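Whatever order the structure lists them in is the order used to number ligands and atoms, beginning at 1. Worth saying up front: this structure is predicted, and the values here are computed from it rather than measured.
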Amino acid sequence: MPNIGSVFRSKKKKDKDEKSHKENGHTDIIIEEPPVTSSTEGSIRQSLGSAPSTATTANSHTGGTLSGKPPPSPTASSGPHAAKEEPMTTPAAPESQTAPNANATGPGHNSQKTETVYRATKGKYTLSDFTFQRTLGTGSFGRVHLVQSKHNLRFYAVKVLKKAQVVKMKQVEHTNDERRMLQRVKHPFLITLWGTFQDSKNLYMVMDFIEGGELFSLLRKSQRFPNPVAKFYAAEVALALDYLHSLNIIYRDLKPENLLLDRHGHLKITDFGFAKEVPDITWTLCGTPDYLAPEVVASKGYNKSVDWWSLGILIFEMLCGYTPFWDGGSPMKIYENILRGKVKYPAYIHPDAMDLLQQLITPDLTKRLGNLYHGSRSVLEHAWFAEVNWERLLSKQIEPPYVPPVRGGIGDASLFDKYPEETEEYGKDGPDQYGHFFTDF
Ligand SMILES: Nc1ncnc2c1ncn2[C@@H]1O[C@H](COP(=O)(O)OP(=O)(O)OP(=O)(O)O)[C@@H](O)[C@H]1O
């Protein structure tokens with residue numbers, strides 16, 4: 001990632017060890033449990049005027065209306081994104097994508113329905129199904145590659161995790177959770193996992209390749225987003241969180257680095273490395289310091305509402321260009337600030353946005369929006385989102401505020417930073433010391 005200067009936090013990378021950790025200037029933490037515009041209806045009006053021209057083809061919002069119908073009830077049982085538990089079913093192909101192995105493509109799936117779809121992911125592909133290309137991003141124990149399917153010639157992203165590293169960093173459970181959670185979810189704003197496989201040294205997760213790069217990069221280039229732009233991205237994230245929560249999944253790692261832009265400018269949440277099914281409470285201290293809720297920092301049990309806190313931090317960061325508890329210091333300093341809970345809201349923040357932020361970034365769980373009687377509905381129905389037509393948003397009928405300049409058709413990775421390539425060859429034969437930890441792959 002580019003060095004974006006000292007006033008911003010660096011891009012975070014997970015520390016898969018049980019202590020705070022730095023890697024290439026990117027910090028993150030994990031401690032295993034337990035504790036410690038528009039039209040008359042009001043569309044997006046502003047384009048990303050502050051983004052440099054090299055980075056943006058931001059449209060001026062001729063068409064994208066956020067408004068219209070009242071929001072659907074987002075409750076787990078009844079809304080358009082309500083979950084229905086189902087046993088294992090056949091894999092479903094997303095409307096615009098194709099499974100890497102053409103034979104594996106299932107019938108089209110209505111993305112607005114939110115029944116649980118367990119894609120058959122285990123051992124579905126092998127290394128020889130793909131031609132590996134450049135690295136798109138790196139993590140603490142692996143990297144994500146652009147690959148091309150030898151069957152349908154389409155491009156995908158494959159996350160490669162080194163088993164030894166996963167085991168050493170005590171991330172076996174999180175890694176298996178990541179695969180299981182991704183296999184379970186099916187939503188327009190969540191990454192699709194097509195399959196997993198392994199060799200003696202590595203685990204492989206085959207996902208859609210999302211060409212538009214990270215929201216993180218766009219935000220840093222833009223410095224901060226105009227109110228309607230932040231609202232658009234926040235609304236797509238809110239729908240995804242609502243969906244995950246309806247499946248009792250806490251995401252726990254919301255931040256602009258994990259939000260990718262597709263070629264049209266819609267968001268896809270990636271990196272389910274900390275996602276976990278939690279019906280009630282959990283204790284694991286994990287996530288990115290700037291985005292942690294105080295109950296996580298204080299090693300208390302916590303629930304899904306930590307994601308709503310993080311949504312508040314994300315909205316703040318999109319509107320201001322920095323996170324509210326950042327002060328240039330160490331993670332310890334950030335934690336102190338989080339526990340102190342004082343947020344300075346710049347005068348340029350829209351009053352409705354500020355009201356929402358105050359209700360999300362509140363340590364008082366009896367007051368935090370998303371954790372109250374109406375659950376996520378109270379977030380979606382907040383005045384700041386008043387013009388959002390949630391159904392149209394869910395079906396991607398709202399024109400995004402920024403269309404990434406993806407060139408050269410599919411397989412263009414020019415919007416991703418360059419990384420040194422892996423030197424160790426994949427797929428080598430040898431003893432499989434850790435395979436028994438990953439029998440689901
Ligand atoms: N499906 C995808 N399409 C395009 N790029 C992707 C995709 N998935 C991940 N990436 C890129 O790779 C980077 C690393 O991916 P990811 O965060 O999932 O890995 P990780 O090992 O869990 O990293 P971390 O240690 O930061 O959590 C992402 O920030 C993104 O830039």
- [ ] Classify the ring geometry between His187 and Tyr243 as parallel (under 30°), tilted (30 to 60°) or perpendicular (over 60°).
- [x] tilted
Atoms of ligand 1 close to [X] [distance to a heavy atom under 4.0 angstrom, numbered from 1]:
X	result
Glu257	29 (O)
Phe416	4 (C), 5 (N), 31 (O)
Thr270	8 (N), 9 (C)
Ala157	1 (N), 2 (C), 3 (N)
Asp208	1 (N), 2 (C), 3 (N)
Glu214	28 (C), 29 (O), 30 (C), 31 (O)
Ile191	1 (N)

Does [X] approach ligand 1 within less than 4.0 angstrom via side chain, backbone, both or neither, non-hydrogen atoms only?
X	result
Leu260	side chain
Lys268	neither
Lys159	side chain
Asn258	side chain

Any N/O pair [X]/ligand 1 closer than 3.5 Å:
X	answer
Asp253	no
Lys255	no
Ile210	yes

Open item on the list: For the aromatic rings, using the six-membered ring if either is Trp, is the centroid distance between Phe316 and Tyr322 under 6.0 Å?
Closed with: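 Yes, the ring centres sit under 6.0 Å apart.
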Task: Output field: ring centroids Trp194/Tyr125 closer than 6.0 Å - done: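 They do not qualify: ring centres at least 6.0 Å apart.
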Open item on the list: For atom 9 (C) of ligand 1, tell me which residue out of Leu261, Asp417, Thr288, Val144 has the closest non-hydrogen atom.
Closed with: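 Closest candidate by heavy-atom distance is Val144.
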Open item on the list: Can a side-chain donor-acceptor contact be found between Gln148 and Thr131 if the only test is distance below 3.5 angstrom?
Closed with: no
Task: Polar side chain donor-acceptor pair, Arg252 to Tyr302, under 3.5 angstrom - done: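 Tyr302 and Arg252 do have a side-chain donor-acceptor pair below 3.5 Å.
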TODO: Carefully, step by step, assess Phe274 and Tyr251 under the rule ring pair (Phe, Tyr, Trp, His ring centres under 6.0 Å).
DONE: CA-CA 6 Å; Phe274 287 152; Tyr251 176 63; 9.0 Å; no
- [ ] Identify, with sequence neighbours excluded, every residue that meets side-chain contact (heavy atoms from CB on, under 4.5 Å) alongside Phe132.
- [x] Leu127, Phe130, His145, Val147, Val158, Val160, Tyr204, Tyr426
Task: Arg154 to Tyr156 six-membered ring, cation-pi geometry met (6.0 Å, 45°) - done: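 No, Arg154 does not sit over the ring of Tyr156.
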Task: Heavy-atom side-chain proximity of Val278 to Asn303 below 4.5 angstrom - done: no
Task: Greater than 12 external heavy atoms within 6.0 Å of Glu421's CD - done: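 Yes - once you tally the heavy atoms of other residues, nucleotides and ligands closer than 6.0 Å, there are more than 12.
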